[in-house]
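Everything below concerns the one structure shown next.
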Amino acid sequence: MAGGRPIRALNVAEKPSVAKAVSGILSKNPSSGGLRVRDGRSRYNKIFEFNYTIQNQQFQMSFTSVTGHLMELEFEERYRKWHSCDPVQLYQAAVKKYVPEDKLDIKRTLEEEARKCQWLILWLDCDREGENIAFEVVEVCTQANRNLNIWRARFSALIDREIHYSMQHLVRPNQLFADAVDVRQEIDLRIGASFTRFQTMLLRDAFNLDFTSDDKNIILSYGPCQFPTLGFVVERFWEIQSHEPEEFWTINCTHNSEEGIATFNWMRGHLFDYTCAAIIYEMCVQESTATVTRVRQQEKLKYPPHPLSTIELEKRASRYFRMSSEHTMKVAEDLYQAGFISYPRTETDCFSERTDLRMMVQEQQGHPVWGSYAQRLLDPEAGLWRNPSGGGHDDKAHPPIHPTKFSAGENGWSQDHHKLYELVVRHFLACVSQPAVGAETTVDIDIAGELFSASGRMIMAKNYLDVYRFESWGGSMIPTYNFGQQFAPTTLTLDSGVTRPPPLLSEADLLSCMDKAGIGTDATMHDHIKKLLDRFYATKDSNTRFSPTELGEALVMGYDDMGYELWKPYLRAMMESDMKAVSMGTKSKTEVLETCLQQMKACFVDAKSNKGKLFESMAVFFERSNRSSINEQNTVAEVVRRCSLCQESDMVLRRKPDGNFMVGCTGFPHCKNVVWLPGSVSEAVVTTNICSSCAPGCIGGCDDILRQLVEICGTGSRNISSVHGRGTGHTPSSSSAQRSNSRGQGACLYCRQTGHSSDVCPSRVSRGRNVRSPEADAQEGESSIPCSSCGAPCVLRTANTASNRGRKFYSCRSQECNFFVWEDNINEGGRVARGNISRTASNPSRSGGLWQGWPEWKTSKRCRICVCNR
DNA sequence: GCAAGGTC
């Protein structure tokens with residue numbers, strides 16, 4: 001490139017802080033003519049100006065920023081309203097990317113600046129999202145100026161040398177990275193919107209969800225990140241519920257000497273068999289001299305933590321201060337905005353070699369509390385310094401979280417600001433410190449052939465523990481023992497204990513689960529957790545531990561019963577690996593989109609047809625509401641065709657609370673086009689079949705026989721009305737259709753007989769149970785044992801339904817008790833896994849566990865004696 | 001009114 005007239009280049013960063021920092025670095029040279037700042041259209045995104053030379057070519061640089069994504073993905077207007085279409089259509093519905101209202105000012109700045117420039121240099125974060133935002137910027141800028149020469153700067157830290165290097169070695173943006181994000185956005189939108197609309201419309205009005213006064217507006221959302229997060233909470237909850245305490249026995253030995261007390265632990269741990277433990281104990285008591293068989297002395301190191309990533313910050317703030325991850329991020333954002341800490345959303349847990357760590361320590365020397373520690377760190381004589389070891393994660397965009405400005409506390413800071421800044425500083429100082437050193441002693445003894453062991457620790461040098469007050473290193477001293485030494489134990493006891501269930505998941509546990517499974521990003525994980533609370537899916541106790549609410553449990557149960565693992569992290573993991581394939585170029589964007597959406601659509605259609613499972617699981621916890629008598633059908637809204645009256649919205653098939661069908665315009669109340677189907681119609685479906693005798697748009701009115709039957713007889717002998725859809729023809733006069741609406745006594749919706757209304761259908765009364773159990777057409781079996789739930793006789797029967805023919809199940813004979821359980825869900829000893837009883841039967845106990853009254857002859861004895869520890 | 005991902 002030769003010199004000559006300067007080229008005007010527009011530089012764009014992902015956020016204002018990066019635009020400022022990079023401009024600052026690039027304009028340090030005197031030849032830059034200094035750094036000038038002016039306002040853009042957006043009050044947050046300033047424009048920096050300076051001169052710069054790239055390979056001998058003079059440039060006039062303008063440097064501005066966006067604030068994250070410039071565009072959003074949404075459905076076309078006609079699909080935006082919830083009742084505008086059947087949610088299944090959202091798998092094909094047209095989507096568009098657009099710049100939302102609150103970003104229009106940034107868009108205008110970009111357009112205005114792009115028109116004045118020849119080059120566009122993209123300084124977005126160097127990750128997939130950043131690359132996608134880069135292409136959003138490109139789209140806006142090239143709309144304003146088609147001749148732009150487009151470049152990408154690759155940088156991983158805001159360090160002078162690195163920034164200059166990337167400016168001198170510009171590359172082209174990577175379309176594949178951006179494609180991967182396009183795929184994710186589209187899949188997330190379609191899955192999220194379809195399932196959310198489906199389950200909200202299906203369940204919200206059907207049950208009394210009494211946890212909010214305003215349950216009409218509650219949203220039962222589904223998302224590929226929030227649901228697996230809920231899944232972790234529910235799974236642990238079920239694990240706890242299904243835990244049965246088991247008694248075990250262990251032998252303990254202590255020895256008091258002049259130097260102190262030593263506690264020896266039995267090397268076998270514990271035994272579940274009392275007799276066995278008691279025999280061994282007797283042996284020990286009878287021959288109770290202890291002989292020291294081994295004495296080991298070792299130096300042990302306790303290493304300081306890795307440099308701080310977002311997840312670690314959230315986990316530690318939760319553990320040390322009980323701050324929620326969401327609040328932590330808010331406080332961290334404040335500290336970052338005010339310049340006290342570095343960018344708080346980072347996966348990186350290792351410092352770049354080029355980072356000047358000592359300078360950062362120097363800044364902390366004046367602090368009244370940890371200043372002296374910082375001074376010791378910098379003193380070569382003290383030998384406290386150690387180059388930090390990394391945890392192996394690097395997002396190539398941001399350094400680990402570290403202090404960027406000294407503070408001994410600011411006026412406007414809350415307690416939490418103080419705590420979090422202190423955590424960041426102490427963590428940083430710990431990272432560059434030597435590990436703590438301890439001397440550990442282990443003593444093994446033998447009593448009557450049984451081995452016991454005791455250990456003690458002495459801290460030789462605290463090192464990083466001096467500054468990292470949040471961590472300690474437990475351990476106690478033990479007296480001195482020598483090999484071959486013999487002594488009489490002071491106490492030798494046979495003690496019993498019981499196994500305990502695992503604890504509920506803490507916020508730190510939940511973050512670890514999400515991190516491991518790849519759910520969410522460092523910037524969004526706390527949002528997913530908060531969403532569980534906002535949606536009433538889970539609660540958090542004062543100990544920061546999460547339990548599912550009944551709603552959360554019911555939803556997970558429902559999908560689990562369908563056989564879907566939509567609540568597990570596998571779907572997201574699969575998507576993530578596909579995204580990776582797209583970004584590497586091994587799979588195409590369209591290929592992944594098509595396959596994934598096809599699978600998810602099939603899953604959605606299946607879930608819809610299995611919605612009974614969701615109803616059943618909800619019914620375990622919630623009462624049915626009377627807001628709608630035929631709730632599930634009432635909410636179904638299948639699109640028939642475009643409204644011929646307003647030409648704007650769709651005509652959809654719906655069922656009203658009174659059970660009658662209607663085909664109405666979704667533009668209501670603006671458009672009042674409606675066709676009421678006669679009350680005798682008990683089922684109506686939208687089909688693609690076109691009536692042979694008239695134009696598309698017919699709703700069966702041309703069929704004389706049908707019309708006569710429904711209007712005159714009203715007996716419903718042809719009670720399925722097919723509504724032709726997808727046509728453009730005219731709608732039959734709604735007034736005539738309304739006249740034909742026979743609101744009188746029609747066929748019962750349940751048994752399809754006349755003579756009674758559906759509300760009092762005798763089949764419904766007995767059906768309440770039948771729909772829940774598989775025993776329809778089952779044959780009575782022979783054996784009878786007491787019901788686990790009520791104690792009445794429980795009968796072994798054989799299912800005769802299509803899906804479970806031949807499968808055996810126990811079912812309670814009592815009319816009041818709905819207990820039933822598949823025989824193959826009963827394990828050894830009559831143990832029933834959690835959920836296998838309750839998910840399909842309304843067993844009031846709702847818990848698994850031991851079947852009380854399970855006959856002796858069915859129990860197989862298990863050997864739980866451990867004899868292999870030696 | 002719905003997702004998840006950026007960011008103020």
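All chains are named by letter (A, B, ...) in the order of the sequence lines, taking the proteins before the strands, and each is independently numbered beginning at 1.
Salt bridge status for Arg572(A) with Glu565(A): absent, with no side-chain N to carboxylate O gap under 4.0 Å. Between Arg38(A) and Glu112(A), none of the side-chain N atoms (NZ, or NE/NH1/NH2) sits under 4.0 Å from a carboxylate O, so this pair counts as no salt bridge. Remark: Arg345(A) engages Glu333(A) in a salt bridge, criterion side-chain N to carboxylate O under 4.0 Å. In this structure, Glu576(A) does not pair ionically with Lys580(A), as no charged nitrogen and carboxylate oxygen lie closer than 4.0 Å. Between Lys531(A) and Asp527(A) there is no salt bridge, since none of the side-chain N atoms of the basic residue sits less than 4.0 Å from a carboxylate O of the acidic one.
Each of His528(A) and Ala193(A) was assigned the nucleotide of DNA chain B with the nearest heavy atom; the assignment lying further toward the 5' end belongs to Ala193(A). Ranked by how close their nearest DNA chain B nucleotide is to the 5' end, Tyr336(A) and Glu72(A) are led by Glu72(A).
Residue Ile218(A) contributes atom CD1, which lies 14 Å from atom C1' of dC2(B) at whole-angstrom precision. Between the P atom of dG5(B) and the CD atom of Glu347(A) lies a distance of 11 Å, rounded to the nearest Å. We find that CZ of Phe75(A) is positioned 9 Å from C1' of dA3(B), with the value rounded to whole Å. Rounded to an integer number of Å, the gap from CH2 of Trp123(A) to C1' of dT7(B) is 20 Å.
Heavy atoms of Arg572(A) sit under 4.0 angstrom from primed sugar atoms or phosphate atoms, though from no base atom. Within the nucleic acid shown, Lys531(A) comes within 4.0 Å of sugar-phosphate atoms alone, with no base atom in reach, counting heavy atoms only. Residue contacts for Tyr343(A): at a heavy-atom cut-off of 4.0 Å it reaches the sugar-phosphate backbone alone, with no base atom in range. Looking at heavy-atom distances under 4.0 Å, Leu73(A) makes contact with a base. When heavy atoms are screened at a 4.0 angstrom cut-off, Phe195(A) is found touching no nucleic acid atom at all. Within 4.0 Å of Glu333(A), counting heavy atoms only, lie sugar-phosphate atoms of the nucleic acid but no base atom. Residue Asp125(A) is in sugar-phosphate contact alone, with no base atom involved, counting any heavy-atom pair closer than 4.0 Å across all strands shown. Looking at heavy-atom distances under 4.0 Å, Gly130(A) makes no contact with the nucleic acid at all. Base engagement by Leu189(A) is indicated by at least one non-hydrogen atom pair under 4.0 Å involving a base atom. Nucleic acid contact for Arg190(A): none, since no nucleic acid atom lies under 4.0 Å from a heavy atom of the residue. Looking at heavy-atom distances under 4.0 Å, Glu186(A) makes no contact with the nucleic acid at all.
Residue Trp82(A) places its side chain closer to dC2(B) than to any other of dA3(B), dG6(B), dC2(B). The nucleotide whose nearest atom lies closest to any side-chain atom of Ile133(A) is, among dG1(B), dA3(B), dG6(B), dG6(B). In the set dC8(B), dC2(B), dA4(B), the nucleotide with an atom closest to the side chain of Pro16(A) is dC8(B). Of the candidates dA3(B), dG1(B), dG5(B), the closest approach to any side-chain atom of Ile219(A) belongs to dG1(B).
Under 4.0 angstrom from either OP1 or OP2 of dA3(B) there lies at least one side-chain N or O belonging to Gln226(A). For Thr524(A) and dA4(B), the shortest distance from a side-chain N or O to OP1 or OP2 is not below 4.0 Å. Taking only side-chain nitrogens and oxygens, Thr521(A) never comes nearer than 4.0 Å to OP1 or OP2 of dA4(B). For Arg535(A), a side-chain nitrogen or oxygen approaches OP1 or OP2 of dA3(B) to under 4.0 Å. Remark: Arg345(A) is in phosphate contact with dT7(B), judged by side-chain N or O atoms under 4.0 Å from OP1 or OP2.
Thr67(A) contributes a side-chain N or O that forms a donor-acceptor pair with the base of dC8(B) under 3.5 Å.
Within the 3.5 Å criterion, the main-chain N or O of Glu347(A) finds no donor-acceptor partner in the side chain of Ser309(A).
The local environment of CD in Gln598(A) is sparse, with at most 12 non-hydrogen atoms from other residues, nucleotides or ligands closer than 6.0 Å.
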